[in-house]
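Because the structure is a prediction, the values reported are computed rather than measured.
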Amino acid sequence: MAGIILRRCVSRTLLSASGAKGIRIRGTNRYHWTTLRAVTALTTGGAALVLGFPTLSCLGHEVYLRVQSSAVVHALEKEEVLEQADYLYSCAETEKLYQLLLQYKDSDDAEFLWRLARASRDLSELPNMEDGRKKQLVFEGFEYAKKALEKDEKCFAAHKWYAVCLSDVGEYEGVKVKIGNSYIIREHLEKAIELNPKDATSLHILGYWCFAFAELPWYQRKVAAVIFSSPPTSTYEEALVFFLKAEEVDPNFYSKNLLMLGKTYMGMKDQKKALLYLTKAKEYPAHTLEDKEVHKEAVDLLKKLG
């Protein structure tokens with residue numbers, strides 16, 4: 001199966017936080033958000049976590065001081081807490097964000113719970129995280145995502161993070177479970193898109209899901225077929241639809257989406273369009289370490305295309 005591991009991205013535009021009416025902050029869709037790492041159930045390896053760490057502004061320092069005082073945090077209204085949380089997320093202040101949201105772990109509000117699920121799995125991905133603690137956070141994040149979904153089935157972010165966290169726990173549960181989970185992962189990504197068709201990240205993630213299965217070698221398909229009579233399948237054409245739609249919803253929102261468009265066109269043997277998108281990926285401003293990785297891969301692929 002294709003394990004889906006997302007990386008956060010800090011927005012280059014102002015975007016309303018889901019469920020937080022009237023709140024407009026940097027940081028929930030672009031520039032430090034979450035893209036998936038496709039890891040087939042039958043192969044090993046994967047990309048390292050890449051996080052951008054923007055400079056903490058005076059507002060960020062104010063947020064920091066507020067987080068230190070639980071009395072102040074508890075006194076804040078829901079929307080204020082969500083605003084604080086989303087700002088900390090945009091600044092990649094993962095530990096502070098986790099500690100803030102952990103105070104709402106018993107909440108019945110999906111808006112707190114899906115953010116806590118995201119914070120838990122983001123914390124698990126920090127460099128030098130001890131293996132036992134990492135596993136604990138992964139399963140903890142999944143439980144928060146599951147609870148968020150139980151509390152509000154109409155919350156698109158709850159569906160998206162349930163899919164992400166389900167993929168994470170699958171890494172600990174073996175190949176058969178991972179392949180079986182892939183059907184559920186796609187189902188929840190599709191539901192997230194149905195609920196919010198303007199969320200470019202959900203579209204990108206589902207495109208990557210399709211790409212991972214489209215490029216699965218024939219011999220790995222055979223092995224998968226031994227475990228499941230009908231293992232998940234997809235095509236480059238299907239992946240392309242989602243990558244293009246993500247670009248339509250939010251043009252140039254993410255360097256990785258441009259790279260994946262180039263790679264998808266390569267898979268479809270369309271060299272002209274592959275060159276176009278790989279060039280765009282190469283020229284994309286490198287604001288994060290991930291952007292730099294995308295740049296390097298785009299350059300290497302362009303060399304192969306001549």
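The pair K96-E93 counts as a salt bridge, with a side-chain nitrogen and a carboxylate oxygen less than 4.0 angstrom apart. A salt bridge is absent between D250 and K198: the closest approach of a Lys/Arg side-chain nitrogen to an acidic carboxylate oxygen does not fall below 4.0 angstrom. For K304 and D300, the salt-bridge test fails: no basic side-chain N is under 4.0 Å from an acidic carboxylate O.
No path of Ile, Leu, Val, Met, Phe, Trp and Tyr side chains, each step under 4.5 Å between heavy atoms, connects V241 with Y277, placing them in separate hydrophobic clusters. Following chains of ILVMFWY side-chain contacts shorter than 4.5 Å, one can reach L203 starting from I185, so the two form part of one hydrophobic cluster. The cluster map of Ile, Leu, Val, Met, Phe, Trp and Tyr, joined by side-chain heavy atoms under 4.5 Å apart, puts L166 and F139 in the same cluster. Connection of L278 to F243 is not established within any shared hydrophobic cluster, with ILVMFWY side chains joined at heavy-atom distances below 4.5 Å, either directly or through further cluster members.
With E111 contributing its side chain and L82 its backbone, the two residues share no donor-acceptor pair below 3.5 Å. Checked by atom type and distance alone, the side chain of E77 never pairs as donor or acceptor with a backbone atom of E79 at under 3.5 Å.
With a 6.0 Å cutoff to the six-membered ring centre and a 45° limit on the axis angle, R118 counts as a cation-pi contact of Y89.
Each salt bridge (Lys or Arg N to Asp or Glu O under 4.0 Å) pair with one or both residues in residues 187-196, not counting sequence neighbours, appears once here: R186-E190, K191-E194. Residue pairs meeting the salt bridge (Lys or Arg N to Asp or Glu O under 4.0 Å) criterion with at least one member in residues 148-158, sequence neighbours excluded, are D108-K151.
At a threshold of 4.5 Å between non-hydrogen side-chain atoms, the residues F211 and F242 do not count as touching. Contact check for K160 versus T201: side-chain heavy atoms found under the 4.5 Å cut-off. Side chains of S167 and N181 form no contact here, defined as non-hydrogen atoms less than 4.5 Å apart. At least one side-chain heavy atom of S120 sits less than 4.5 Å from a side-chain heavy atom of L116. At a threshold of 4.5 Å between non-hydrogen side-chain atoms, the residues L126 and T94 count as touching.
For K292, the side chain to side chain donor-acceptor pair (under 3.5 Å) test picks out no residue, with sequence neighbours left out. Residues satisfying the side-chain contact (heavy atoms from CB on, under 4.5 Å) criterion with S124, sequence neighbours excluded, are R121, K134, L137, V138. By the salt bridge (charged side-chain N to carboxylate O under 4.0 Å, His left out) test, E143 pairs with K146, sequence neighbours left out. By the side-chain contact (heavy atoms from CB on, under 4.5 Å) test, A119 pairs with L97, Y98, L101, sequence neighbours left out. Under the side-chain contact (heavy atoms from CB on, under 4.5 Å) criterion, A148 pairs with A110, L113, W114, A158, not counting sequence neighbours. Judged as a side-chain contact (heavy atoms from CB on, under 4.5 Å), and not counting sequence neighbours, the contacts of H295 are K282, V299. In terms of the salt bridge (charged side-chain N to carboxylate O under 4.0 Å, His left out) criterion, residue partners of K263 (sequence neighbours excluded) are, by chain and number, E297. Qualifying salt bridge (charged side-chain N to carboxylate O under 4.0 Å, His left out) partners for K135, counting only residues two or more places apart in sequence or in other chains: none. Every residue two or more places apart in sequence or in another chain that forms a salt bridge (charged side-chain N to carboxylate O under 4.0 Å, His left out) with K245 is listed here: E248.
Ring orientation note: the planes of F213 and W209 are tilted relative to one another, at an angle of 30° to 60°. Taking the six-membered ring for Trp and thresholds of 30 and 60 degrees, F112 and Y104 have nearly parallel ring planes, at less than 30 degrees apart.
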List the atom pairs, with distances to 0.1 Å, where a side-chain N or O of residues 264-276 and a protein N or O form a donor-acceptor pair under 3.5 Å, not counting sequence neighbours.
residue	atom	partner	partner atom	Å
T264	OG1	M260	O	2.7
D270	OD1	K273	N	3.2
Q271	NE2	L305	O	3.2

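Side-chain contact annotation: K147 with S107, donor-acceptor N/O pair under 3.5 Å absent.
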(request) Give the intermediate values and the outcome of side chain to side chain donor-acceptor pair (under 3.5 Å) for residues Q99 and E95. (result) CA-CA 6 Å; Q99 293 300 329; E95 180 65 44; 2.9 Å; yes
(message) Could you go through D291 and K256, starting from their C-alpha distance and side-chain angles, then the distance that decides it, and tell me whether this counts as salt bridge (charged side-chain N to carboxylate O under 4.0 Å, His left out)?
(response) CA-CA 7 Å; D291 290 335; K256 193 65 171 284; over 6 Å; no
